[in-house]
Amino acid sequence: MFSAPANFVESAPEGPFPCRKGLQSQITLADYRRFALRNQIWPQETGVDLSRTSWSAGYIVQMPRLDFGFAGKEGRRFKADVHVLVSGEGLVLDKVVTCTTAPAHNAALLALVDGYRFEPSRYKGRGLNTVIPLELGN
């Protein structure tokens, strides 16, 4: 069984999650590692071949029309980065806003992400839990 190192969270560099220019970090690097650890995004078997020829990357299959009306005046230049954990069947298991221009609207933003449909990463044809980063904005 493949698992995270014992000190995976504790060994995270200190400081906020790195963001694109103009966005505010919403979590620390340790928080992001807790998200990853909680959701076990590693292949759960020994001898996994992670060369590009053995697996396919996850991607968005269906994206709802994005309406940032919830952000009011801030919606005109609204940007955010969200990381979504997708199950091996393509369902959203968990999500976290890592960076945004309007932190007050994180809950509404996460509700928007529930409308997405994903194709998960696949290893030898089997779906894997996958973290897919989304860059949202207008």
Is any side-chain heavy atom of [Y] closer than 4.5 Å to one of [X]?
X	Y	result
T130	L85	no
D31	F17	no
P103	Q24	yes
I60	L134	yes
V61	Y116	no
L136	V82	yes
T100	Q26	yes
V92	S87	no

Atom pair [atom1]/[atom2] of [X] and [Y] - distance to nearest 0.5 Å:
X	Y	atom1	atom2	value
L112	H105	CG	NE2	12.0 Å
T98	Y32	OG1	OH	7.5 Å
I27	F35	CD1	CZ	8.0 Å
R126	L128	CZ	CG	5.5 Å
S121	I132	OG	CD1	6.5 Å
H83	C99	NE2	SG	8.0 Å

For [X] versus [Y], what's the shortest heavy-atom pair and its separation?
X	Y	result
P120	G127	CG-CA, 4.4 Å
F78	T101	CA-OG1, 3.6 Å
L29	P18	CD2-CD, 3.5 Å
A80	L109	CB-CD2, 3.3 Å

| message | I'd like to check the side chain to side chain donor-acceptor pair (under 3.5 Å) partners of R20; sequence neighbours left out, ordered by chain and number. | response |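 D81.
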
| request: Can you establish whether the number of heavy atoms outside E14 located under 6.0 Å from its atom CD is more than 12? | output: no

| Which residues satisfy the side chain to side chain contact (heavy atoms under 4.5 Å, CB included) test with S11, sequence neighbours excluded? | N7, R33

